[in-house]
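Heads up, the thing below is written out as C-alpha cells.
Everything numeric here is computed off the predicted structure, so don't read it as measured data. Throughout, a chain's letter reflects where its sequence line sits, starting with A, and its residues are numbered from 1.
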2 protein chains.
Amino acid sequence: MRQAPAQDRGARSRDAILDTAGELMSRHGYAATSISMISTACGLPVSSIYWHFRSKEGIYVAVLERATTVLLAALPPAEVPGADVTQRLDAFLSNLAGAFRQHPRGVQLLLGLGVVQKDAGAAAMAEVHRYRDALVAWARNSVSSVFALRDRPEVADELARFTLRMTSGTAVARWFEPDVVLETEPLRVTLPALAAHHGVPVRGTPVEGGPGEDAPGEDAPALGVTPGTAP
Amino acid sequence: MRQAPAQDRGARSRDAILDTAGELMSRHGYAATSISMISTACGLPVSSIYWHFRSKEGIYVAVLERATTVLLAALPPAEVPGADVTQRLDAFLSNLAGAFRQHPRGVQLLLGLGVVQKDAGAAAMAEVHRYRDALVAWARNSVSSVFALRDRPEVADELARFTLRMTSGTAVARWFEPDVVLETEPLRVTLPALAAHHGVPVRGTPVEGGPGEDAPGEDAPALGVTPGTAP
DNA sequence: GTCTATATCGGGATAGAC
DNA sequence: GTCTATCCCGATATAGAC
C-alpha cells in the first residue's frame with residue numbers, strides 16, 4: 001500500500017504551506033504576500049498550493065483557522081485557578097504573555113493585523129471578525145473570572161478591551177522592534193486600578209478601601225510565572 | 001499672467017493626490033493601495049500623479065511628511081499648562097484624543113499601521129521610523145511634563161510607551177469598528193496608577209494620599225479641543 | 001499529489017502630444 | 001501640468017503531463 005505515505009506527504013505539504021503562509025502574512029500583511037513568495041519560501045510549486053487551497057483567500061482562511069485552534073489551545077479558557085485576585089490576575093497575564101511570546105504570528109493574525117478592510121474578500125473578512133470576537137470573548141470571560149465580575153458585565157467588557165488594545169499595540173510595536181514582548185507588569189498594575197475605579201473591590205491594590213498598607217511596593221509581588229503555559 | 005493659476009492648480013492637484021492617497025493607504029494599507037485606485041479616486045490620470053511624485057514610495061513618503069506636519073501642529077508640544085497634575089493630565093489626554101479624533105488617518109499612518117516591514121522600500125521604512133520616533137518623543141516629553149519626571153526618564157519612557165500602545169491598539173480597533181474613538185477615561189485612571197506604582201507622587205488620584213474625593217467624575221472635564229488644528 | 005508551462009489580468013512606470 | 005497610449009513585469013489562477 002502506497003496510499004498512506006502519499007496522504008502523509010500531502011498533509012505535511014499542507015502544513016508547510018500554512019506555516020510559511022502564516023509567517024509571511026503576519027509579517028508582510030495579506031495583500032503584500034504573494035503566492036510566489038509562499039511557493040519559493042516553502043519549496044512547493046504554485047500549482048501544488050492551488051491543489052491544496054482554492055485561492056489565496058482560502059489560504060488565508062485556513063491560516064486563520066489553524067492559528068485560532070493553536071492559540072485557543074494555548075489559552076486555558078478562563079478557569080483562572082488562583083484563590084486570590086492577585087494570583088488569578090498573575091495567572092491570566094502570564095497565560096496571555098506566554099501565548100504572545102510563543103505564538104506571536106497567531107496573535108497578530110487573530111487581532112486582525114495583516115488585513116485592512118477589503119484587502120481580502122468578504123468571506124475572509126467575516127472569518128477575521130469571527131476569530132477576533134472569539135479572542136475578545138476569551139479575554140472578557142477571563143477578566144470576569146479574575147475580578148469576579150459576573151454581575152458587572154460592562155466592567156468586564158472594558159477591562160477586556162483595555163487588555164486587548166494593549167496587546168494589539170504591542171503587536172504593532174513588534175513590526176518595528178521584533179524583540180518586543182508583552183509586558184505584564186503595567187497591566188498587573190493598571191487592571192486592578194481600573195477595576196477599583198469602577199467600584200470593584202480589589203484586595204491588595206492601592207485603593208482607598210484598605211489603608212493598612214500605604215506603599216504599594218516598588219517591586220511587584222514577585223509571583224512566579226505560572227508553569228504549564230507551553231503545551 | 002497665467003503662471004499663477006497654473007501653479008495654483010498644480011498645488012491643488014498635489015494636495016488632492018495626497019488627500020486621497022492618505023485616505024486609501026490608511027484604510028487599505030500601502031501594498032493594497034494601487035496607483036490606479038488613487039487615480040480614479042481623485043480624478044487625475046496616472047501620469048499626472050507620476051509628474052508630481054517620482055514613484056509610489058514617493059507618494060507614501062509625502063503622505064507621511066504631511067501627516068506629521070498636520071499632526072504635530074495639532075499637538076501642543078508638551079507645554080501642558082495646568083498647575084495640578086490632574087489638570088495637566090486631562091489637558092494631555094484631551095489633546096491626544098482630539099488629534100486622534102480629527103486626524104485618525106494621520107495617527108494610523110504615523111504609528112506605522114499600513115506598512116508592514118519591507119512592503120515599501122528602505123527609504124520609506126526609514127521615514128516611518130523617523131516619524132514614529134517623533135511621536136514617541138512627543139509623548140515622552142508630554143508625560144514627563146505632566147508628572148514632573150525630569151529626573152525619572154525611565155518612568156516617562158514607560159508611561160509614553162504605555163500610552164502609545166493603547167493608541168495603537170485603538171487605531172487597530174478602528175479597522176473593524178470605524179466609530180471607535182480613543183477613550184481617555186481608562187488612561188486618566190491608569191497612567192497615575194502606573195506613575196504611583198513607580199513611586200512618583202501623584203495628587204488627586206485614587207492613591208492612599210488624598211481620600212477626600214474618591215470619584216474623579218464620570219463626565220469628562222469637557223476641555224475644548226485646541227483650535228487652529230486645521231490650517 | 002506534484003511538476004512544467006501558460007493564459008490572463010492588473011500593477012507600476014514611461015513617452016510624448018497638447 | 002495634464003492627458004492618451006503603451007511597455008514591462010509580476011500576480012492569480014489553470015491545464016495537463018507525470
Side-chain angles (χ1 to χ4, degrees), chain A residues 1-21 24-25 27-63 114-116 118-124, chain B residues 1-21 24-25 27-63 114-116 118-124:
Chain A
M1 264 194 201
R2 295 199 207 89
Q3 277 185 342
Q7 285 179 6
D8 188 40
R9 205 157 64 113
R12 305 224 288 102
S13 293
R14 202 188 124 99
D15 279 351
I17 294 168
L18 289 184
D19 282 341
T20 58
L24 293 173
M25 285 179 174
R27 282 180 46 180
H28 306 295
Y30 174 82
T33 303
S34 68
I35 309 281
S36 9
M37 283 168 64
I38 302 174
S39 169
T40 57
C42 75
L44 275 68
V46 179
S47 51
S48 285
I49 299 177
Y50 275 99
W51 188 90
H52 285 281
F53 307 96
R54 297 200 165 83
S55 62
K56 185 182 177 182
E57 195 175 337
I59 302 174
Y60 179 59
V61 172
V63 165
V115 258
V116 206
K118 314 188 229 343
D119 282 9
Chain B
M1 261 192 202
R2 293 197 209 91
Q3 276 184 344
Q7 284 179 7
D8 188 40
R9 205 156 65 112
R12 303 224 288 102
S13 292
R14 201 188 126 98
D15 278 351
I17 294 168
L18 289 184
D19 282 340
T20 59
L24 292 173
M25 285 180 175
R27 284 180 44 181
H28 306 293
Y30 174 82
T33 303
S34 68
I35 309 281
S36 10
M37 283 168 65
I38 303 174
S39 169
T40 58
C42 75
L44 275 67
V46 179
S47 51
S48 285
I49 298 177
Y50 276 99
W51 188 91
H52 285 282
F53 308 96
R54 279 178 243 273
S55 62
K56 185 183 178 181
E57 193 175 337
I59 302 174
Y60 179 60
V61 172
V63 165
V115 256
V116 205
K118 315 189 227 350
D119 281 10

Checklist entry - Over how many whole Å does the gap from B:Glu57 atom CD to C:dA13 atom C1' extend? => result 14 Å
Next on the checklist: Once you apply a heavy-atom cut-off of 4.0 Å, does B:Thr33 come out as touching a base, just sugar-phosphate, or nothing?
Outcome noted: sugar-phosphate
Checklist entry - Which value, rounded to the nearest 0.5 Å, describes the distance between B:Ile38 atom CD1 and B:Leu18 atom CG? => result 9.5 Å
Checklist outcome for this item: In whole angstroms, the gap separating C1' of C:dG11 from CD1 of B:Ile59 amounts to 13 Å
Next on the checklist: From CZ of B:Arg14 over to C1' of D:dT2, roughly how many Å is that when rounded to an integer?
Outcome noted: 17 Å
Checklist outcome for this item: What one should report as the nearest heavy-atom pair of B:Met37 and B:Ala32 is SD-O, 3.5 Å
Next on the checklist: Looking at B:Ser47 and D:dC3, is any side-chain donor or acceptor paired with a base atom of the opposite kind under 3.5 Å?
Outcome noted: yes
Checklist entry - How close or far is atom C1' of C:dG12 from atom CD1 of B:Ile35, stated in whole angstroms? => result 6 Å
Checklist entry - Where the side chain of A:Pro45 is defined as all heavy atoms beyond and including C-beta, which of D:dT12, D:dC3, C:dC3 is the nearest nucleotide? => result C:dC3
Checklist entry - Should A:Tyr50 be listed as having a side-chain N or O under 4.0 Å from OP1 or OP2 of D:dT14? => result no
Item to check | For atom NZ of B:Lys56 and atom P of D:dC9, their distance in whole Å | outcome: 19 Å
Checklist entry - Does A:Ser13 put a side-chain nitrogen or oxygen below 4.0 Å from OP1 or OP2 of C:dT2? => result yes
Item to check | Protein-nucleotide distance (A:His52, atom NE2; D:dT12, atom C1'), rounded to Å | outcome: 18 Å
Checklist entry - Quick one: B:Ile38 CD1 to C:dA13 P, roughly how many Å, whole number? => result 11 Å
Item to check | Pair A:Tyr50-A:Ile35, side-chain contact (heavy atoms from CB on, under 4.5 Å): steps then yes or no | outcome: CA-CA 9 Å; A:Tyr50 275 99; A:Ile35 309 281; 3.6 Å; yes
Checklist outcome for this item: In whole angstroms, the gap separating C1' of C:dT2 from CZ of A:Phe53 amounts to 15 Å
Next on the checklist: If you compare all heavy atoms of A:Leu44 against all heavy atoms of A:Ile49, which two are closest, and at what distance to 0.1 Å?
Outcome noted: O-CD1, 4.5 Å
